[in-house]
Amino acid sequence: MIDFVSRLLRWYEQHRRNLPWRNYLDSYAIWVSEIMLQQTRVETVIPYFERWMERFPTIQSLAAASEQEVLAVWEGLGYYSRARNLHRAAQVVVERFEGVLPSSVEALQRLPGIGRYTAGAIASIAFGQDEPVLDGNVRRVYARLFDVNLAVDSREGEAELWKLAAEYLPKGRAGEFNQALMDLGAAICLPRRPRCLLCPIADSCLARQRGVVEERPVRLPQVNTPHYVQSAAVIVKRGRHGLCTLLAKRPSEGLLGGLWEFPNGRVDGEEPARGLASTLREQYRLEVQVEAGLGMIRHAYSHFRVTVHVFQAKLLRPLYRAREQRDASLKWVSFSDLGEYPMGKVDRRIATTLLTRCMS
DNA sequence: CAATCGTGGAC
DNA sequence: TGTCCAAGATT
């Protein structure tokens, strides 16, 4: 095995991407970027990172913000537990570490939202410690470089790859090396049609020597994603500050946790309009009359798909203020305030359509 | 510990 | 239209 480590480091010096978080000296910026980059592409993260650092420039400012505001800035990035965990972790750091992010992987990994990868990334990149990382890029690069035939998402494969990541880590340059592996995976050692002719360590690549680059990494078979049908209600009234619409807040755990949505429910197998009235009665104790269909939205989440039928509906019984206060999950929201209520993609589409319509 | 958790781009 | 998959963590 030729020395791929020094060649990779040399390649990185010349091809290092100029990413926003690489221009900060602050460990907080590295932390934010690593959380945002979990399962998310660099190009997607960049504008979110810039906005986030503008709105929450310090750990203290993040800790002091409301969850609603944090989620609003995160809206559209997905995996919203990342935002809630980052928010909580900032509060822990302020309360227990005097606002200073700890530097050891052990302490980092005790903070919500920081697992083995992220702890290694922060420790090596922000604090210069000799800690390995294993992300999707490193998995792919090492699975090819060492021709690992274990499934990378199996327990044995994971253990083998972490072992390799630690074994070849150059002492004193772990941060650079980890980023070099990830940049190589993102620019050269691509999942499909890897650019082996441009690869600085192609000579060392066992999978290439054996002609099985595109067969690596091996993955466990994936399960089929189910398909659900939902109906959602757009319920509008005239308030003293103009038009309002009824929104529901989702529970803070689980899918789209803490986000707002138009009252909805599953109507699998039923007539969408009839199913809407009954599901709203069951889930929110709302009595509505469906008035008109507004359209249909198809959407894919990570492990299922939905078709959402959207209806205009009117309340048959008013929503009493006492109940609106007691049951904070239901709220009349002025059209002009809709932007402050964090929503998932489907509901943001509905909200935007609603605003567009009422302008004309 | 296998299932859960979003969204967008590439092909 | 469908499938893969991306700087993973949590339960």
Side-chain angles (χ1 to χ4, degrees), chain A residues 17 19-22 29-49 71 74-86 88-89 108-126 131-141 151-155 158 161-162 165 175 177-187 189-194 214 217 219-227 250-259 261 297-307 342-349:
Chain A
R17 288 178 289 178
L19 302 171
W21 42 92
R22 289 179 175 170
I30 301 299
W31 178 21
V32 171
S33 74
E34 290 300 341
I35 300 298
M36 287 188 169
L37 286 162
Q38 290 170 3
Q39 299 291 284
T40 310
R41 295 174 182 285
V42 166
E43 316 83 68
T44 305
V45 164
I46 288 175
Y48 281 89
F49 175 82
L71 287 172
W74 198 274
E75 183 183 304
L77 247 194
Y79 288 137
Y80 297 91
S81 66
R82 296 183 294 172
R84 298 194 304 273
N85 285 336
L86 181 52
R88 275 199 296 144
L108 286 167
Q109 214 169 334
R110 281 187 215 112
L111 292 170
I114 300 184
R116 192 171 176 185
Y117 162 79
T118 305
I122 295 173
S124 64
I125 298 171
E131 297 290 348
V133 297
L134 182 64
D135 75 323
N137 289 307
V138 181
R139 274 193 193 89
R140 187 171 57 255
V141 170
V152 295
D153 43 2
S154 69
R155 179 171 323 188
E158 283 273 314
L161 289 162
W162 272 108
F177 183 70
N178 288 338
Q179 293 181 85
L181 281 171
M182 294 191 280
D183 273 18
L184 187 77
C189 196
L190 304 171
R192 282 170 296 200
R193 299 178 58 84
E214 306 231 33
R219 286 179 190 281
L220 264 26
Q222 296 193 3
V223 293
N224 278 1
T225 61
H227 188 282
R250 298 180 59 90
S252 62
E253 307 294 322
L255 183 71
L256 305 174
L259 303 197
E261 66 186 359
I297 298 173
R298 293 185 204 282
H299 189 65
Y301 293 93
S302 36
H303 61 290
F304 68 95
R305 299 172 188 284
V306 285
T307 299
M343 296 178 187
K345 190 188 165 189
V346 169
D347 292 277
R348 181 54 69 199
R349 256 194 228 167

Any side-chain donor-acceptor pair under 3.5 Å between Glu34(A) and Tyr117(A)?
-> yes

Do you see a donor-acceptor pair shorter than 3.5 Å between the side chains of Asn85(A) and Arg82(A)?
-> no

What's the [atom1]-[atom2] distance between [X] and [N], to the nearest Å?
X: Tyr80(A); N: dT4(B); atom1: OH; atom2: C1'; answer: 16 Å
X: Trp74(A); N: dT7(B); atom1: CH2; atom2: C1'; answer: 13 Å
X: Lys345(A); N: dG6(B); atom1: NZ; atom2: P; answer: 14 Å
X: Arg348(A); N: dG6(B); atom1: CZ; atom2: P; answer: 16 Å
X: Leu37(A); N: dC5(C); atom1: CG; atom2: P; answer: 19 Å
X: Asp153(A); N: dC1(B); atom1: CG; atom2: P; answer: 16 Å
X: Gln38(A); N: dT7(B); atom1: CD; atom2: C1'; answer: 15 Å
X: Tyr48(A); N: dG8(B); atom1: OH; atom2: P; answer: 7 Å

For the [atom1] atoms, the ones on [N] and on [M], what distance do you get once it is rounded to whole angstrom?
N: dC5(B); M: dA6(C); atom1: C1'; result: 14 Å
N: dC4(C); M: dG6(B); atom1: C1'; result: 15 Å
N: dA9(C); M: dG8(B); atom1: P; result: 23 Å
N: dC1(B); M: dG8(C); atom1: C1'; result: 15 Å

Determine the contact category for [X]: base if any of its heavy atoms lies under 4.0 Å from a base atom, sugar-phosphate if only primed atoms, P, OP1 or OP2 are that close, otherwise nothing.
X: Gly185(A); value: nothing
X: Asp183(A); value: base
X: Arg22(A); value: base
X: Leu190(A); value: nothing
X: Leu256(A); value: sugar-phosphate
X: Trp21(A); value: base

Result for 5'-nearest mapping on DNA chain C, choosing between Arg17(A) and Gly113(A), is Arg17(A)

Does Ile114(A) or Arg305(A) map to a spot on DNA chain C nearer the 5' end, using the closest nucleotide for each?
-> Arg305(A)

Between Arg82(A) and Arg192(A), the residue closer to the 5' end of DNA chain B by nearest nucleotide is Arg82(A)

Between [N] and [X], is there an OP1 or OP2 to side-chain N/O distance shorter than 4.0 Å?
X: His299(A); N: dG6(B); result: no
X: Arg140(A); N: dA6(C); result: yes
X: Gln39(A); N: dG8(C); result: yes
X: His303(A); N: dC5(B); result: yes
X: Arg155(A); N: dC1(B); result: yes
X: Tyr79(A); N: dA6(C); result: no
X: Arg219(A); N: dA6(C); result: yes
X: Thr118(A); N: dA9(C); result: yes

Kindly indicate whether the side chain of Arg84(A), heavy atoms from C-beta on, has any atom under 4.5 Å from the side chain of Ser81(A).
-> yes

Check: Trp21(A) and Met36(A) side chains under 4.5 Å, non-hydrogen atoms | no

With rounding to the nearest 0.5 Å, note down the distance linking OG1 in Thr118(A) to CG in Asp135(A).
-> 9.5 Å

Out of dA7(C), dG8(B), dC5(B), which has the shortest distance to the side chain of Asn137(A)?
-> dA7(C)

Side-chain ion pair, Glu158(A) and Arg139(A), N-O less than 4.0 Å | yes

If you look at every heavy atom in Ser302(A) and Tyr79(A), which pair is closest and at what distance?
-> CB-OH, 4.0 Å

Counting only distance, no hydrogens or angles, is the base of dG9(B) paired donor-acceptor with the side chain of Thr44(A) under 3.5 Å?
-> no

